[in-house]
Amino acid sequence: MATRYTYATTLAYSTGDIPEADEVEIEVSFTVAWGSPETGNYGPPEDYDPGAPDEIEDLKLLSVDGVGGPFDQHDEAAILLAIAQNHGEAMLIEAREAEDG
(Lines give C-alpha, C1' and ligand atoms only; values in the text may rest on other atoms or scores of the structure.)
Protein backbone atom coordinates (compact mmCIF):
# COMPACT_ATOMS: atom_id res chain seq x y z
CA MET A 1 0.00 0.00 0.00
CA ALA A 2 1.31 3.45 -0.93
CA THR A 3 2.19 5.95 1.76
CA ARG A 4 -0.25 8.88 2.02
CA TYR A 5 1.19 12.32 2.66
CA THR A 6 -0.56 15.53 3.64
CA TYR A 7 0.02 19.05 2.40
CA ALA A 8 -1.48 22.29 3.68
CA THR A 9 -1.39 25.69 2.02
CA THR A 10 -3.25 28.95 1.59
CA LEU A 11 -5.05 29.21 -1.72
CA ALA A 12 -6.62 32.27 -3.32
CA TYR A 13 -9.95 30.90 -4.47
CA SER A 14 -13.30 32.28 -5.50
CA THR A 15 -16.62 30.52 -5.73
CA GLY A 16 -18.92 31.56 -8.54
CA ASP A 17 -21.04 33.46 -6.00
CA ILE A 18 -18.29 35.91 -5.05
CA PRO A 19 -16.21 37.27 -7.95
CA GLU A 20 -13.18 38.38 -5.92
CA ALA A 21 -10.79 35.72 -4.68
CA ASP A 22 -10.62 34.97 -0.99
CA GLU A 23 -7.79 33.18 0.79
CA VAL A 24 -8.69 29.79 2.21
CA GLU A 25 -6.61 27.26 4.11
CA ILE A 26 -6.54 23.98 2.19
CA GLU A 27 -5.35 20.56 3.33
CA VAL A 28 -4.99 17.67 0.91
CA SER A 29 -3.64 14.14 1.03
CA PHE A 30 -1.83 12.35 -1.79
CA THR A 31 0.42 9.48 -2.76
CA VAL A 32 3.60 9.62 -4.83
CA ALA A 33 4.76 7.38 -7.65
CA TRP A 34 8.50 7.77 -7.17
CA GLY A 35 10.36 8.10 -10.46
CA SER A 36 13.68 6.71 -11.55
CA PRO A 37 16.96 8.29 -12.68
CA GLU A 38 18.30 8.23 -16.21
CA THR A 39 20.58 5.20 -16.75
CA GLY A 40 22.70 3.63 -19.47
CA ASN A 41 23.52 6.86 -21.29
CA TYR A 42 27.12 5.73 -22.09
CA GLY A 43 26.36 2.19 -23.22
CA PRO A 44 24.51 0.65 -26.11
CA PRO A 45 21.20 2.34 -27.05
CA GLU A 46 19.17 -0.67 -25.92
CA ASP A 47 20.50 -0.19 -22.36
CA TYR A 48 19.38 3.46 -22.24
CA ASP A 49 16.52 4.33 -19.88
CA PRO A 50 15.47 8.00 -19.86
CA GLY A 51 14.13 7.62 -16.32
CA ALA A 52 10.81 8.92 -15.06
CA PRO A 53 9.82 11.90 -12.92
CA ASP A 54 8.16 11.64 -9.51
CA GLU A 55 4.38 11.99 -9.88
CA ILE A 56 1.63 13.04 -7.48
CA GLU A 57 -1.26 10.56 -7.44
CA ASP A 58 -4.61 10.09 -5.70
CA LEU A 59 -5.00 13.73 -4.62
CA LYS A 60 -7.86 14.15 -2.11
CA LEU A 61 -9.26 17.28 -0.47
CA LEU A 62 -9.31 16.90 3.32
CA SER A 63 -10.42 20.33 4.55
CA VAL A 64 -11.14 23.92 3.58
CA ASP A 65 -10.55 26.44 6.38
CA GLY A 66 -10.40 23.54 8.83
CA VAL A 67 -13.76 22.07 7.82
CA GLY A 68 -13.90 18.59 6.30
CA GLY A 69 -16.23 17.42 3.53
CA PRO A 70 -18.42 16.62 1.93
CA PHE A 71 -17.56 19.41 -0.50
CA ASP A 72 -19.40 20.88 -3.44
CA GLN A 73 -18.15 18.79 -6.39
CA HIS A 74 -17.42 21.81 -8.60
CA ASP A 75 -15.49 23.61 -5.85
CA GLU A 76 -13.59 20.45 -4.91
CA ALA A 77 -12.57 19.81 -8.53
CA ALA A 78 -11.43 23.42 -9.00
CA ILE A 79 -9.42 23.41 -5.76
CA LEU A 80 -7.74 20.07 -6.57
CA LEU A 81 -6.88 21.30 -10.07
CA ALA A 82 -5.32 24.50 -8.67
CA ILE A 83 -3.30 22.48 -6.14
CA ALA A 84 -2.13 19.97 -8.77
CA GLN A 85 -1.11 22.66 -11.24
CA ASN A 86 0.62 25.04 -8.82
CA HIS A 87 1.84 23.07 -5.80
CA GLY A 88 3.23 19.80 -7.18
CA GLU A 89 6.89 20.57 -6.46
CA ALA A 90 6.14 21.76 -2.92
CA MET A 91 4.13 18.59 -2.29
CA LEU A 92 7.00 16.41 -3.54
CA ILE A 93 9.43 18.26 -1.27
CA GLU A 94 7.20 17.57 1.76
CA ALA A 95 6.89 13.91 0.78
CA ARG A 96 10.69 13.58 0.41
CA GLU A 97 11.19 15.23 3.81
CA ALA A 98 8.69 12.83 5.38
CA GLU A 99 10.56 9.89 3.83
CA ASP A 100 13.92 11.20 5.08
CA GLY A 101 12.46 11.55 8.59
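Positions are given from 1 along the sequence.
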All side chain to side chain donor-acceptor pair (under 3.5 Å) counterparts of E38, not counting sequence neighbours: Y48
Taking every non-hydrogen atom, the tightest pair across I83 and V28: CG2-CG2, 4.3 Å
Partners passing side chain to side chain contact (heavy atoms under 4.5 Å, CB included) against E89 (at least two apart in sequence or in another chain): L92, I93, R96
Distance, nearest 0.5 Å, that separates CD of E94 from CE of M91: 9.0 Å
Shortest non-hydrogen contact from V32 toward A95: CG2-CB, 3.9 Å
Within one Ile-Leu-Val-Met-Phe-Trp-Tyr cluster: F30 and L81, side-chain cutoff 4.5 Å: no
Pairing residues for R4 by the side chain to side chain donor-acceptor pair (under 3.5 Å) criterion, not counting sequence neighbours: S29, D58
Listed once per pair and sorted, the side-chain hydrogen bond (donor to acceptor under 3.5 Å, both in side chains) pairs that draw on residues 60-71, sequence neighbours left out: none
Pairing residues for A52 by the side chain to side chain contact (heavy atoms under 4.5 Å, CB included) criterion, not counting sequence neighbours: S36
Non-hydrogen atoms of G88 and I56 that approach each other most closely: O-CD1, 4.2 Å
Non-hydrogen atoms of L62 and F71 that approach each other most closely: O-CZ, 3.6 Å
Non-neighbouring partners of E25 that pass side chain to side chain donor-acceptor pair (under 3.5 Å), sequence neighbours left out: T10
Aromatic plane relationship, Y7 with H87 - under 30° parallel, 30 to 60° tilted, over 60° perpendicular: tilted
Residues forming a side chain to side chain donor-acceptor pair (under 3.5 Å) with E27, sequence neighbours excluded: none
Atom pair CG/CG of L61 and D75 - distance to nearest 0.5 Å: 9.5 Å
